[in-house]
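The block underneath contains the structure these notes are about, expressed in structure tokens.
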Amino acid sequence: MLHTIQNENLICTITSKGAEIRSLINKETGEEYIWQIDPSVWGSSSPVLFPAIGNVKENK
């Protein structure tokens, strides 16, 4: 199930499974900040991972 919240600047859509952000739209520009599933490029979603996933250079 998808849930949408918004304020004067942004519209955010979140899936109830894992609380994954599926869409984040700038109301003023209409710009989408989250990858939208496109099977011609990559047919999966792109959850936001914070602060990073995997190793970093020289552990810094």
Side-chain angles (χ1 to χ4, degrees):
M1 184 171 182
L2 295 175
H3 303 277
T4 300
I5 58 175
Q6 60 183 301
N7 64 19
E8 61 277 355
N9 301 310
L10 299 168
I11 302 170
C12 182
T13 302
I14 304 160
T15 182
S16 53
K17 184 177 181 181
E20 177 185 344
I21 297 174
R22 287 288 181 94
S23 176
L24 185 63
I25 298 173
N26 180 316
K27 282 184 162 182
E28 185 178 331
T29 65
E31 182 175 4
E32 171 66 70
Y33 296 111
I34 304 296
W35 169 259
Q36 297 300 292
I37 297 170
D38 181 351
S40 69
V41 179
W42 182 52
S44 190
S45 63
S46 180
V48 177
L49 302 171
F50 178 81
I53 187 163
N55 296 328
V56 294
K57 187 176 181 179
E58 298 176 6
N59 293 318
K60 296 179 181 178

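Below, each value reflects all heavy atoms present in this structure, side chains not excepted, and no hydrogens, waters or symmetry copies.
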Checklist outcome for this item: Correct closest heavy-atom pair for Leu10 and Asn7 would be N-OD1, 2.8 Å
Checklist entry - Can Ser23 and Glu32 be counted as having a side-chain donor-acceptor contact under 3.5 angstrom? => result yes
Item to check | Check: Arg22 and Ile34 side chains under 4.5 Å, non-hydrogen atoms | outcome: no
Checklist entry - Which distance, rounded to the nearest 0.5 Å, do you find between the OG1 of Thr15 and the CD1 of Ile21? => result 11.5 Å
Checklist entry - Between OG1 of Thr13 and CG of Leu24, what distance do you get to the nearest 0.5 Å? => result 9.0 Å
Next on the checklist: Could you check whether atom CD of Glu28 has more than 12 heavy atoms from other residues, nucleotides or ligands sitting under 6.0 Å from it?
Outcome noted: no
